[in-house]
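Have a look at the structure below before the remarks.
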Amino acid sequence: QVEQRVGSNWLKSRMGIQFSGRQRVVIEFTVLPDGHIDDVTIKETTGADAFNRSALRAVQASDPLPPLPNQYRIQGNRIRFVAIFEYPTQ
């Protein structure tokens, strides 16, 4: 569900932006037991600011996600996710 939700928000947020060359950004974030997203950080990038911002917006626009399943909600667990956004030249 996380990949699907973030991916659909990324497609919407990058519409109308043209990138040249291969772009890649790795974003790490935490999902709290109630589904809220926290600690969103860029871990790796090819350096295109507009591309990085579009990926960050996709993660932020996905907040909140559905609550974590019960087996992950023990003692307030937080789950870390890594999202890799790539844009090949067509």
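The figures that follow rest on heavy atoms only: side chains count, while hydrogens, waters and symmetry mates do not.
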For D49, the side-chain contact (heavy atoms from CB on, under 4.5 Å) test, sequence neighbours excluded, returns N52, R53

Is there a side-chain contact between T41 and I27, using heavy atoms and a 4.5 Å cut-off? no

Any sub-3.5 Å donor-acceptor pair from D39's side-chain atoms to T30's backbone N or O? no

Do V40 and L32 land in one hydrophobic cluster if side-chain heavy atoms of ILVMFWY residues count as linked below 4.5 Å? no

Rounded to the nearest 0.5 Å, the CG atom of L56 sits from the CZ atom of F85 at a distance of 8.0 Å

Kindly work out whether a path of hydrophobic side-chain contacts (I/L/V/M/F/W/Y, heavy atoms less than 4.5 Å apart) joins V25 to W10. yes

For Q71, is the CD atom crowded, meaning more than 12 foreign heavy atoms sit under 6.0 Å from it? yes

Which heavy atom in N9 sits nearest to a heavy atom in S62, and how many Å separate them? ND2-OG, 2.8 Å

Gap between atom CD of E3 and atom CD1 of I84 - 0.5 Å precision: 10.0 Å

Here the gap from R24 atom CZ to E86 atom CD, rounded to the nearest 0.5 Å, amounts to 5.0 Å

In terms of hydrophobic clusters joined by side-chain contacts under 4.5 Å, are V26 and I42 together? no

Where I37 and D63 come nearest, the two heavy atoms and their spacing: N-OD1, 2.9 Å

Are V2 and V59 in one and the same hydrophobic cluster, where Ile, Leu, Val, Met, Phe, Trp and Tyr link if side-chain heavy atoms are under 4.5 Å apart? yes

With a 3.5 Å cut-off and no angle check, do the side chains of Q23 and T46 form a donor-acceptor pair? yes

For R5, which residues count as a salt bridge (Lys or Arg N to Asp or Glu O under 4.0 Å) partner, sequence neighbours excluded? none

Quick one: does P67's side chain get under 4.5 Å of D34's, heavy atoms only? no

Angle between ring planes, F29 versus F81, binned at 30° and 60°: parallel, tilted or perpendicular? parallel

